[in-house]
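Basis for what follows: all heavy atoms, side chains included, without hydrogens, waters or symmetry-related copies. Source: prediction; values computed, not measured. Residue numbering restarts at 1 for every chain, and letters A, B, ... go by the order of the sequence lines.
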Amino acid sequence: MKYMLLIYNDPARQPAFGTPEFQAMMGGYFALNQRMTSDGVLRGGEGLKGVETATSLRIKAGKVETMDGPFAETKEQLGGYYIIEVADLDAALTYAALVPSAAHGTIEVRPLMDYNPAG
Amino acid sequence: MTAAASGALAATRALDSLAREDRGRLLSALIARLRDFELAEEALQDAMISAVSHWGRSGVPASPRGWLLQVAYRKAIDRIRQRTSDTKVANGLALLTENETSTDDPEMIPDERLRLIFTCCHPAIEPKSQVALTLRTLGGLSTPEIARAFLDQDSTMGQRLSRAKAKIADAGIPYAVPEPDAWPARLTSVLTVIYLIFNAGYTAGPSVGRDLAEEAIWLCRMLDRLRPADPEIEGCLALLLLTQARREARTDADGVTVPLAAQDRSRWDRAAIAEGVATVERALGRRSPGPFQIKAAIAACHSEGEQSDWPQIVALYNVLLALEPTPVVRLNRAVALAEDGGMETAMGELDLLSDALSDYQPYHAARAELLVRLNDVTGAQAAYTKAIALAPSGADAAFLRAKLNALGP
């Protein structure tokens, strides 16, 4: 099954750039990327720029409304994601626990929709 | 009586004697093969209905369980066929049908209940649903029975169970016994569910339909059989047995709670205490202590001898606090300290817990009790009043009100 690991964190609680903690976090991400690649489970993943760069859009009564900011104003923001393909939820949770941001944020694990279950 | 009527009677009797033990086993084996909780339940239900008419007509088969399993497979295949016209699925079904021939011998029916209970108690499922699903699949309780135990509407409970089963399928929760590194945390999840079931029954008493306290003990015994020599499983079983042993003595004739120290010890179930003590001793002998073992050891210290062994209980709470540093454990340790002569230390501890446990009835009850002993009547009255407002049951409220009234106007 394919899962998305959505990485949420509060920028205020995240280690600051240049600190040893930041180095350790980046080292953790590097190790995780290597591990998921060598395990053959990594299908994709990216980090996102901060929510101050976000623009939201919706269509109301046929008109496009464009707004500054993220969809929801919350402390914990979507900061990045991985897509992995593993046997089951337990395997997905094992990788989620290795995401360094789990130590100060939250990793949401969501199965991807399967559009062709019989295939 | 006509032959048909006596046949139907024999069939019903045979089905009844299969009871919950067999239902859980059959269901666990069906889910292992079908990988679909809903389908497995429906198929087993279909097979039970078939059994009534078939066994009534042609007699009870030599292996009723094997018969039910085979018929349930066939019924499941029928249901899948009705759902789909996909050839790939149909090919998969051919495989299922092939496999079913090997299940003639009832001893060959695999016992997959360990996988079943770990799936039902997976932490990805909401705790209340873990409890409901465990009672439904392993205990064989009906949805209305579970709804009654948790004061829910039948339809609400039905939806809860459907949602949980859907999550198992959609989120890919495995039907598996966890790996050794995940075992301790996942076992705690399972034992917590069993303990919640026990507590629900212990609080409500046996009047509410099925006796959930007995149900929990039954589940824990099953777990102990399926995974022998696990010290935390043994610890949990011992804790349940030792608590259950005091059940008859914990309320008086008017249904008012009787505190442990005032209980009539002749009303304790000595056989249950003996088994509980032996079980916790066996567990501790395995030299891998855990929270359930320590809690059981504390319960044993209350149950053996003429009175509770407070110095030993304090020592055990210190161990427990290291394993489980929660405010409730600190509260219980403080109470033990007070009983062991450390009244001032105990009061100081309680003061530190006032924020964390402000909505916790036992906190206010314990505080009131200590204030009485320190002759602070006004303080005790306020604490009892708070405890009464938070009391979970009428029996507890009545007990606390009597205590409050005894302090005078």
Side-chain angles (χ1 to χ4, degrees), chain A residues 1-9 28-29 31-45 74 76 78-119, chain B residues 31-32 34-39 80-96 112 114-126 129-130 133 163-190:
Chain A
M1 277 180 77
K2 281 188 184 152
Y3 294 87
M4 189 180 229
L5 313 183
L6 298 105
I7 303 162
Y8 286 92
N9 51 34
Y29 270 107
L32 174 61
N33 291 346
Q34 275 205 321
R35 159 99 183 255
M36 293 200 293
T37 306
S38 68
D39 289 353
V41 299
L42 189 61
R43 296 291 174 270
T74 51
E76 293 207 322
L78 182 61
Y81 71 91
Y82 285 109
I83 290 173
I84 57 173
E85 188 163 4
V86 292
D88 54 41
L89 181 65
D90 281 358
L93 292 171
T94 305
Y95 287 108
L98 295 173
V99 177
S101 297
H104 49 86
T106 305
I107 314 301
E108 182 177 325
V109 179
R110 290 270 287 272
L112 297 195
M113 197 89 92
D114 185 355
Y115 293 103
N116 185 15
Chain B
I31 296 170
L34 300 167
R35 293 302 158 109
D36 183 330
F37 272 63
E38 200 82 58
L39 179 63
I80 299 171
R81 283 212 180 102
Q82 282 163 19
R83 270 192 217 165
T84 181
S85 54
D86 197 290
T87 44
K88 216 164 179 180
V89 175
N91 288 343
L93 290 179
L95 208 72
L96 276 177
E112 304 286 10
L114 203 54
R115 286 158 86 182
L116 182 54
I117 198 167
F118 272 98
T119 304
C120 291
C121 300
H122 196 285
I125 301 168
E126 202 197 327
S129 301
Q130 295 177 22
L133 207 52
R163 268 200 311 272
K165 283 179 257 184
K167 174 141 192 199
I168 291 172
D170 294 339
I173 294 175
Y175 191 64
V177 175
E179 300 292 320
D181 57 336
W183 173 268
R186 293 287 308 281
L187 177 63
T188 302
S189 227
V190 171

Quick one: side-chain contact (heavy atoms from CB on, under 4.5 Å) partners of B:P184, sequence neighbours excluded?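 In terms of side-chain contact (heavy atoms from CB on, under 4.5 Å), with neighbours along the sequence ignored, B:P184 is linked to no residue.
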
Who passes salt bridge (Lys or Arg N to Asp or Glu O under 4.0 Å) against A:R43, sequence neighbours left out?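 Here the qualifying residues are A:E85.
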
Who in residues 171-183 of chain B is close to chain A, using a strict under-4.5 Å heavy-atom cut-off?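 B:A171, B:G172, B:I173, B:P174 fall under the 4.5 Å cut-off.
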
Given side chains that start at C-beta, do those of B:I168 and B:L133 come closer than 4.5 Å, heavy atoms only?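 Yes - at least one pair of side-chain heavy atoms lies under 4.5 Å apart.
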
With distance as the sole criterion, is a donor-acceptor pair present between the side chains of A:Y29 and A:S101 under 3.5 Å?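 Note: A:Y29 and A:S101 side chains meet the donor-acceptor criterion.
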
Heavy atoms of other groups near B:R35 CZ, more than 12 under 6.0 Å: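 Yes, the 6.0 Å shell around CZ holds more than 12 heavy atoms from other groups.
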
Show me the side-chain donor-acceptor pairs of residues 91-99 of chain A shorter than 3.5 Å, one per line, residues at least two apart or across chains.
from, atom 1, to, atom 2, distance (Å)
A:T94, OG1, A:D90, O, 2.8
A:Y95, OH, A:D39, OD2, 2.5

